[in-house]
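First the structure, in the form of structure tokens, and then the observations on it.
All heavy atoms count here, side chains included; hydrogens, waters and symmetry mates do not. A quick note: this is a predicted structure, and the numbers were derived from the prediction, not measured.
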Amino acid sequence: MNSETPQLHWWQTGVVYQVYPRSFCDANGDGIGDLEGVIRKLDYLCNLGIDTIWLSPFYPSPMADFGYDVADYCDVDPMFGDLATFDRLVIEAHQRGLKVIIDWVPNHTSDQHAWFKESRSSRNNPKRDWYLWRDAKPDGALPNNWGSFFGGPAWTFDATTGQYYLHQFDPAQPELNWRNPDVKAAMLDTLRFWLRREVDGFRMDVVGLLIKDKDLRDNPPDPHAPADLLPNDLFGRQLHTYSEFQDENHAVVKEIRKTLDEFGDSVGIGELWGPLDSWVRYYGENGDELQLPFNFRLMYSPWDASVMRGVVDSLEAALPAGAWPNYVLGNHDQIRLASRFGGQAQARVAAMLLLTLRGTPTVYYGDELGMENVPIPPEKMVDPQGLRLGAHRSRDVTRTPMQWDASTGAGFSLTPAAAEPWLPVSADFPTRNVAVQGQDPCSILNLYRSLYQLRRASPALYAGSYQPLDSAHDCFVYLREDGTERRLVALNFSSEPRCVSAASLGQDGSVLLSTSLDRTGMVPLNAIELRPYEGLLIDCSII
Ligand code: GLC
């Protein structure tokens with residue numbers, strides 16, 4: 001690294017890999033992935049070349065929202081293992097140099113959480129105010145007009161005490177009242193519980209929602225709401241003016257960050273959407289909020305080079321001093337990137353984009369195989385969002401079992417005669433799996449491996465500056481630079497060949513990698529030929 005390169009944190013230089021534990025590897029044969037399964041695949045992850053594992057929820061849960069409904073923040077659901085297995089996972093990961101971050105779901109608990117059971121038991125219960133209970137309006141209407149993200153109103157009536165409780169997701173996910181200091185203290189303690197078990201940080205679920213408008217005012221209608229929403233999609237018809245991103249939320253996030261800082265260099269990665277100007281505030285003043293507010297902007301972009309460049313450039317311009325960018329192209333809530341961007345060729349270009357931009361990349365399990373959306377027969381659909389808002393909104397398609405090999409069930413379950421997996425295995429598993437792709441030098445799996453290796457070995461890529469270059473239509477070309485080390489990235493988003501120029505950088509460059517994995521050697525920088533949907537990573541360092 002160049003002597004002037006600033007010392008970076010582990011969460012800046014490393015690649016994050018999201019494991020959805022239900023779907024990664026099933027060690028005990030019950031058809032649901034588990035923590036032991038993750039342990040058994042740590043060598044795979046290590047050899048793949050990623051740096052940090054993010055585990056989606058494994059807490060005790062009735063699974064109304066597949067673990068995002070937490071019944072106990074300080075334990076492991078028996079279907080995933082136990083605390084001892086979790087501790088072993090952390091030790092084994094750390095021994096391999098991998099960091100472990102876990103999901104933290106602060107906005108809502110399960111309705112089966114002991115806190116909610118107490119809270120709903122009577123209006124006088126000491127935990128009554130831990131959740132958001134309200135009377136119906138005098139005319140019998142709901143307390144306000146907010147819609148639930150999963151369809152229907154955000155209020156459910158509880159006959160025991162004759163009041164409504166708030167839930168912006170499933171009715172089985174009542175929302176905590178973060179204005180109550182006891183709630184805040186109890187939740188911050190759950191962070192400490194896991195930090196003491198040596199986790200390296202947290203991915204924080206819908207952390208922009210914690211504080212709601214004090215008076216819970218009605219949300220205004222969204223004048224730009226799509227016309228084809230289902231009648232029950234009240235959420236989709238509203239602006240969320242009073243239900244998310246309240247100014248007062250920042251004070252809470254600062255306290256969350258302070259708690260992380262009690263334990264050294266622990267990272268907070270927040271699930272945050274919203275417009276750039278409100279999103280960027282979650283880095284905090286002088287970096288005192290989240291180190292990485294998740295940046296989903298490329299995930300929501302169309303497959304268009306100039307749009308993607310615009311997204312990156314506007315992000316770079318908006319970042320406050322010292323804030324570190326990050327990019328996400330897939331997760332457990334979005335359709336698979338290979339399906340979203342149009343196919344396998346596009347998925348390869350997307351991989352090169354994600355892993356060569358300035359900032360921390362997060363990769364979703366199975367994207368390294370080019371996994372596509374898996375059609376789920378109606379009787380097998382389980383996602384509450386899809387069940388209420390229609391099959392096109394189902395997230396099941398992106399949560400199917402990881403494809404390890406060509407054996408029955410794609411090697412997802414490690415025991416013979418295992419139960420049927422909780423979601424169907426993709427029909428393409430005989431060819432799209434780790435074992436087969438591992439043997440194919442030109443597979444997308446080997447593209448990811450090469451990208452991880454080249455990134456790890458190059459300060460220009462993991463730490464250097466980003467500078468976009470003007471280029472041919474349909475191409476996104478940029479330079480990453482650290483001292484004399486320079487990496488040029490040229491991505492062709494079109495189905496036609498393109499020729500781009502980076503003549504200002506010198507005469508020739510050396511191709512380190514093509515997304516097709518079939519090309520190296522020198523190229524003239526004034527005429528870089530790109531095949532359809534080809535990306536090139538080119539060394540054009542100053543010698
Ligand atoms: C987040 C999670 C999603 C979950 C929701 C409610 O958006 O990523 O999976 O359904 O929050 O917890």
Measure up the Y73 and H113 rings against each other and bin them: parallel (under 30°), tilted (30 to 60°), perpendicular (over 60°).
tilted
How would you list all residue pairs meeting ring pair (Phe, Tyr, Trp, His ring centres under 6.0 Å) that involve residues 344-367, not counting sequence neighbours?
none
Scan for ring pair (Phe, Tyr, Trp, His ring centres under 6.0 Å) pairs involving residues 159-183, sequence neighbours excluded, and state none if there are none.
H108-F169, F116-Y165, W133-Y165, F149-F169, F150-F169, F157-Y164, Y165-H167
Salt bridge check: are [X] and [Y] linked by an N-O gap of less than 4.0 Å?
| X | Y | answer |
| --- | --- | --- |
| D205 | R203 | yes |
| R192 | D189 | yes |
| K212 | E248 | no |
| D129 | R179 | no |
| D265 | K99 | no |

Among W146, W273, F235, the one residue meeting ring pair (Phe, Tyr, Trp, His ring centres under 6.0 Å) with H240:
F235
Qualifying residues under ring pair (Phe, Tyr, Trp, His ring centres under 6.0 Å), relative to F476, sequence neighbours excluded:
Y478
Side chain to side chain donor-acceptor pair (under 3.5 Å) pairs touching residues 224-236, sequence neighbours excluded, are none
Those residues at least two apart in sequence (or on a different chain) that pass salt bridge (Lys or Arg N to Asp or Glu O under 4.0 Å) with D200 are none
Contacts of D247 that satisfy salt bridge (Lys or Arg N to Asp or Glu O under 4.0 Å) - sequence neighbours left out:
R281
